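Chain naming here is simple, since letters A, B, ... match the order of the sequence lines and numbering starts at 1 in each. The shown structure was predicted, so the numbers you read here are calculated from the model rather than taken from an experiment.
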Amino acid sequence: MTWSVTARGAHQPDNTAFTQQRLPAWQPLLSASIALPLFFCAGLAFIGLGLGLYYTSNGIKELEYDYTGNSGTSNCSVSCQCAWYFSLPELFQGPVFLYYELSNFYQNYRRYVVSRDDAQLSGLQSALRQPINECAPYQYSAGGLPIAPCGAIANSLFNDSFSLWHQRSAGGPYVEVPLDRTGIAWWSDYHVKFRNPPLVNGSLALAFQGTAPPPNWPRPVYELSSDPNNTGFINQDFVVWMRTAALPTFRKLYARIRQGNYTAGLPRGAYRVNITYNYPVTAFGGHKRIIFSSISWMGGKNPFLGIAYLVVGSLCILTGFVMLVVYIRYQDQNDDDDDEE
Amino acid sequence: MALSVDSSWHRWQWRVKDGFPQSASEFTPLLSTRRQSQNYNLRQQRVVFPNNRIFHQDWGKISRRYSGNRICTTKYTLLTFLPQNLFEQFHRWANLYFLFLVILNWMPSMEVFHREITMLPLAVVLFIIMAKDGMEDFKRYLFDREVNCSSIQIYERKEQSYVQKRWKDVCVGDFIQMRCNEIIPADILLLFSSDPSGICHLETANLDGETNLKQRRVVKGFSQREALLEPEHFHNTIVCEKPNNNLNKFKGYMEHPDKTRTGFGSESLLLRGCTIRNTEMAVGIVIYAGHSSKSIFTQQGPTTALRDKMKQKIQISPFYSLGILLCLFSGHSLWNRTFEEHPPFDVPDANGNFLPLTLGGFYMFLTMIILLQVLIPISLYVSIELVKLGQVFFLHNDLDLYDEETDVPIQCRALNVTEDLGQIQYIFSDKTGTLTENKMVFRRCTIMGSEFSHQENAKRLETPKELDSDSEEWTHYQCLSFPSRWAQGPTTVRGQGGAQPLRRSQSAQVPIQGHSRQRSMGRCENSQPPVAFSSPIEKDVTPDKSLLTKVRDAALWLETLSDTRPAKPSLSTASSIADFFLALTICNSVMVSTTTEPRQRVTISSSTKALGMSLEKIQQLFQRLKLLSLSQSFSSTAPSDTDLGESLGTNVPTTDSDERDDSSVCSGCYSTDGGYRSSTWDQGDILGSGEGPPLEEVLEGPALGLTSPELCYEAESPDEAALVHAAHAYSFTLVSRTPEQVTVRLPQGICLTFDLLCTLGFDSVRKRMSVVVRHPLTGEIIVYTKGADSVIMDLLEDPARVTDSNVEKKLRKIQARTQKHLDLYARDGLRTLCIAKKVVSEEYFQRWASFRHEAEAALDNRDELLMETAQHLENQLTLLGATGIEDRLQDGVPDTIAALQEAGIQIWVLTGDKQETAINIAYSCRLLDQTDTVYTINTENQETCDSILNCVLEEVKQFHGPRKPDRKLFGFCLPSEMPSTASVDVVPKVGLVIDGKTLNVIFQGKLEKKFLELTQYCRSVLCCRSTPLQKSMIVKLVRDKLRVMTLSIGDGANDVSMIQAADIGIGISGQEGMQAVMSSDFAISRFRHLKKLLLVHGHWCYSRLARMVVYFFYKNVCYVNLLFWYQFFCGFSGSTMIDYWQTIFFNLFFTSVPPLVFGVLDKDISAETLLALPELYKRGQNSECYNLSTFWISMVDAFYQSLVCFFIPYLTYRDSDIDVFTFGTPINTIALATILLHQAIEMKTWTIIHVLVLVTSFLMYFVISLVYNATCVTCNSPTNPYWVMEGQLSDLTFYLVCFLTPVVALLPRF
């Protein structure tokens, strides 16, 4: 015995549970007694959740109108007007959100997505003068001036505008419903990510001096709105547009209705939406829609999640039953075998 | 210089050949001027000038051309490391692919990401691998440096003396002086040896693994010099062949100043790496140095690139990705075609032009390649390397693979073949030193028909360690029961009170001869390579008690010969036993030498007594012994008598006294013979108490005087040494041997000197050797013959010719019984040798001797004549007995082999040994079973070989009939010929034995196919007498033709080629040199370690790695498919909904560690189960863990999961104002959860580490994402996911989606 101790050499490996791979290990084995209750519980929970989701989603109302028009009328080179009349038989429960929806517009197209300059948008002077190369060909104007905001996304800014009019009583005058156009962008975008360049002599226009607006824009960026908190790069419509949509058919928030008499929602009555449009979509087979939607705790109307939960839950229970049957049968057989033995 | 010199040289040579008379001035190049040295054709020959005063100018010119002795095995130098390593790395398909991607990204029209980002993964991978290679190379460098800086005595011209220098300073032409036990630094021509006969002993274990000593002779003409060779007086020039790789061939000549030439061959060449043994000093001149020395030259063959089955399969994935890309490409083209004009989101290039459709599509295609590079997980390569590192770590740390005796754990020298350990189908093993310990041990013998089984000996061999403890117990016992005796001398007191090592040293010192020096330092310096045959296990033979008694009688009988000559040669047991042991002692070519350092003696009381001992006392003693033996010879079974006899026998004076006077020599050899000792002492004490101490003292006297010089035996084959040691155990000690005389000391201490009349050396045809001696006492001329049983039994005296019927009967009986014993031995796997003798008359011998002389003088067919004369002498022999020698198997070899065979591994033994030995070993290690049919093929003829192969094949096929469809040759099916499954067991398994020559025939005659077909039926194959080249050829043949995973295991330099040829080479580190280890992938210290290495670690490594790779693919396919699905919604443009950094993080951090842990730690089956059920190994052989079906199943799984992970969020977020990254985040999260949970399901064992890693990965994802999303406002332009994660975490839908999707995705797994 002493021999082995003295002979224990310098090269002898450590005898620990780790190095000898003898760590206590647990082998997960799912026995029927664990798996079956698990399945049933999960199934029930899923069904419960699913039901809740489904009903919530069903409670959400949506109103939508496709104003793309036919190819003849939709081609507005300057600016066209049209109106959409609808009436609400009952209160449209608030808060009500006004969206516009474009379909078949691939805002997620790779070259489109990258065609922007976040540095410029965050108000960096140097980036304002020298937009990054990804913006090309909307990097510099034909006159050689840097484009602000540069890039294809900004260039293709959605520029249709909507106004909502409410007729309280039949034949009465249309009263404009105040649309809250602020707070439609992400707080973080509006306050952090997008910044105007520092004012020159208190003027935004001077700050943007020496830059050109994107080719498609009729007016420069600092004239997007008269509200100094909503113009330039921090114009909320612009900020919303710059957050590129994930899917080719997408909605973007246009306004919220939560002011004055409309805090609770849209009361019943007749409504008119005045649409000023010249945004071209027919070229790529797109459509334009305007949507009124209320939202719930789980967001907009989407029955899918509830249905999915329901389906999965019932699947779980079904599998549980099948397993139960198999298990009982198998156990019987086992018992039989035992008996035979 | 080239042409003119060449032609002149040729002219000169041609003239020499044709015997033209030459005039010195014109044709001898050497002496006329110095410049003429150029006349040597350096292209075909190597000219060496000695580095002394006379030649130093020539030497300076010439030796510059030759490589120095510095060796460099490193692959890179500091300068070339970077480019060369990069060059090698880009040989790897995947690396090139990634490089291509990086280059693509540098092209402006396709730049997707920042160029630096794309380079990052590749750079990381390259760097890690580079660091690994660098480390490996650095280790090699350190080893080289160690070798290069070993010191050696070199002759220095200026100082005119030998100076200590380093190996790397050795140049061709230098004179080197080497001392005993030094390693030879270069190939050296031996010019001087301290041995008077000009012989230098050499141990070549480093080169060929043979531990026996080789003799090298000084070049002719130098041998007679008495004084030390004086380099300044060396005026010769040496011309020899160019460096080549033939270890055993060397030719050259030496030109003397007087233009005469002396030829020399390989018998004078000391090869680099060998060790000088038993020669005090040797001087030589360096011929080849460094990389041109033969031992290194042999290793320079191109090492075969080890193929890696798994990696080949990994190559599939690029094709998969290519498929996806093509899909996208066409998709993009189609999608693009749907537009009549360019939509606002189709951004033109920088100049405002839109690309033509196809070109745009092509660009898109390339871009896509860059985008989806995640698909071929570059991290997979890194991960595989890391997992292998981890596996190697655990391999290295396994206590079961650690050898306590040598303090060596397993060494993993190649890091990239761990998983191959789990797929081995063929093992090629060396025999000597691998299966066996290469230690010949005398096991049993049979003398005159009675068997002496040497039980104690067997026991000792089986359990050496237990006996060690026994000896300790015994000492205690001794102290308790016989205190008075122990107190007698000062030494005994020391022995009693000394520390434990002291006690051990006592017991280790049993035999007189041995390397006491070796022993005395053995304990502290285990690293010292053992001198050949000095291990105690070989030398210490425990005598069989009953035999010992008889030996005693026999010795006495021998004694009586001097007094009264018996009238006729007696057949009595005693005489036969004496003859038997004399034959063992004499009939060999063992050289005896004394160790150079005299043993340190302690003056002890008994020695003074011994000096005073008178001859009368000895006489008196013999009288007493005679009396004893007389009484015993009549009733040998009487217990009391045997007791006495035994006690006498064991009181061999040599052992007794030796122990006493050696007790103070602290030695390191662990004891293995405690049992023996204990019995000795016991008996001795009984005797002592019975008859009183005087007898003991008397016995001690003469022995002491005789034993003072330590004896070393140097044998050419280990068998011989074993026999001599065995005889020594019975106190027949070989004391000296000269060409004329042999001196043997008898048990009584009397030395007999036999005149050696003739020695007929061993050769493989006769399979025997004989010595003819004249007995000093009787004066008879006796022939002692020793040889293989098959041969000797045929040469025996025909019993029928004996007149006396009694004798005849006895002879027949003896022969029959001996034969029976021989069969028994063979079954036990012992090497058997028969010992026989013959007494020839004076006249007969004279006649024969003259014949012999004629034969020796004959010019034509000398060999045949010699053979004939030998046959004349070696007949009519009287059988004395037979010995069984065990080439001791290593511990656990039979078990290991059985387990490996059960695991479906075919084991072949490739050995350079004799056929009989190989077969014996095969039987004893259970490679072959007694019931097996063994086919032996020995032929040199191609046709015969072909026909034999055909025959055997036919026969074997009949055994295994049902397996082969060719039996339906006759048009109808033979009914009921097929043995049912039950009878398959009855079919004997087949073993094949084949020898080197036959292998040659097979390789040359294109019979490989048949040979391989035959081997398919064989349980095992033995290849005997095969050269290293043949070994590697066989390995390559099997590996390439059968497409199997092969493993070679060996320990000597002769196995190097075989080790390199196989997929995995395993070297056994241990007694022999390091060459096998250096070229191996793994080095273990014992053969039995192979069992756990393969069955447990091999299985684990393989299954872990395989499952990790599958998982990795699953992971990446799953992830990339997510991106792929998205392409349908982004115009096949290759945009991603997940930020690129997060994609990289995903692969790099969040999902990389769990597979690593999985690949390193997961155990699908416990070690105990694996060892108990070797069949489980077969899973790896059939690559069940990583075959196409498992691969595709996991791919389908990945496909399904990615579908779920993409479309559930898609459907959830459809028709909403979701933006790109907000959409991507839940998908990313879901994918992570799914992938990690999938991993959790895949894991077979959960340890705390697994749990920790999984949980950490998941948490880390959130933490990193949150931090990244919160801080990155403008970084990573043009797009970044600022505040996305935060936004999502405050959204309930996110949680709902994240909860639902993994469940749906993983539901089918249940």
Side-chain angles (χ1 to χ4, degrees), chain A residues 2-4 7 9-15 19-21 23-28 99 105-119 122 132 134 136-137 152 156 186 188 192-193 243-253 283-284 297-300 302 304-305 308-309 312, chain B residues 339-341 343-352 394 396-399 402 404 407-409 468 500 1129-1131 1133-1135 1137 1161 1163 1208 1211-1220 1222-1223 1244-1249 1273-1274 1277-1280 1282-1283 1287 1292-1293 1296-1297 1300 1303-1304 1307:
Chain A
T2 41
W3 183 78
S4 68
H11 301 293
Q12 182 164 16
D14 296 334
N15 188 4
T19 54
Q20 299 307 312
Q21 310 196 39
L23 281 177
W26 173 66
Q27 275 193 310
Y99 293 96
F105 191 105
Y106 285 81
Q107 235 194 347
N108 53 16
Y109 194 76
R110 190 181 59 81
R111 288 181 58 84
Y112 181 82
V113 167
V114 299
S115 187
R116 62 189 285 165
D117 186 358
D118 275 353
S122 70
I132 58 169
E134 272 86 355
S156 59
W186 286 25
S188 59
V192 183
K193 203 172 171 183
R243 188 159 276 278
T244 50
L247 299 168
T249 298
F250 60 90
R251 294 174 186 189
K252 289 211 178 279
L253 190 57
F284 49 90
W297 53 269
M298 54 160 285
N302 192 346
F304 168 76
L305 213 49
Y309 266 93
V312 173
Chain B
F339 302 112
E340 289 141 24
E341 61 182 270
F345 47 81
D346 188 6
V347 183
D349 67 8
N351 303 325
F394 280 116
H396 196 84
N397 271 305
D398 195 327
L399 267 181
Y402 166 77
E404 273 193 347
D407 186 28
V408 183
D468 187 37
Q500 191 217 345
F1129 302 96
C1130 70
S1133 64
S1135 54
M1137 67 290 200
L1161 284 180
K1163 289 189 275 190
I1208 286 184
L1211 291 170
T1212 310
Y1213 290 112
R1214 200 182 43 169
D1215 289 342
S1216 70
D1217 56 346
I1218 196 86
D1219 68 281
V1220 176
T1222 318
F1223 180 62
K1244 295 283 163 54
T1245 45
W1246 282 76
T1247 65
I1248 187 78
I1249 298 177
V1273 182
T1274 55
S1277 73
T1279 55
N1280 68 60
Y1282 179 66
W1283 215 251
L1292 199 68
T1293 322
L1296 287 172
V1297 170
L1300 175 73
V1303 174
V1304 178
L1307 212 56

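Contacts with chain A were tallied for B:L1161, B:I1208, B:T1293, B:D1215; B:D1215 has the most, counting heavy-atom pairs under 4.5 Å. Ranked by heavy-atom pairs under 4.5 Å with chain A, the list B:D1217, B:V1220, B:V1297 is led by B:V1220.
Side chain of A:N302 to backbone of B:L1211: a donor-acceptor contact under 3.5 angstrom is found. The main-chain N or O of B:S1216 is never found under 3.5 Å from a side-chain atom of A:R251 such that the two would form a donor-acceptor pair. With hydrogens and angles disregarded, a donor-acceptor distance shorter than 3.5 Å links the side chain of A:N108 to the backbone of B:F1129.
A:F304 touches chain B through its side chain: at least one heavy atom from C-beta onward sits under 4.5 Å away, while N, CA, C and O do not. Heavy atoms of A:S188 lying under 4.5 Å from chain B belong to its backbone as well as its side chain. Proximity to chain A (any heavy atom under 4.5 Å) is restricted, for B:I1249, to the side chain, taken from C-beta onward. Only the side chain of A:Y99 comes within contact range of chain B, with at least one heavy atom under 4.5 Å from a heavy atom of that chain. Only the side chain of A:S122 has a heavy atom closer than 4.5 Å to any heavy atom of chain B. Of the atoms belonging to A:V312, it is side-chain heavy atoms, and not backbone ones, that fall under 4.5 Å from chain B.
Taking every heavy atom of both residues into account, A:A246 and B:F1223 meet most closely at CB-CB, 3.4 Å. Residues A:R243 and B:T1222 share a closest heavy-atom pair of NH1-OG1, 4.0 Å.
Qualifying side-chain contact (heavy atoms from CB on, under 4.5 Å) partners for B:L1292, counting only residues two or more places apart in sequence or in other chains: A:W297.
A distance of 8.0 Å separates CD1 in B:I1218 from CG in A:L247, rounded to the nearest 0.5 Å. In this structure, A:W186 CH2 and B:D1219 CG are separated by 5.0 Å, a value rounded to the nearest 0.5 Å.
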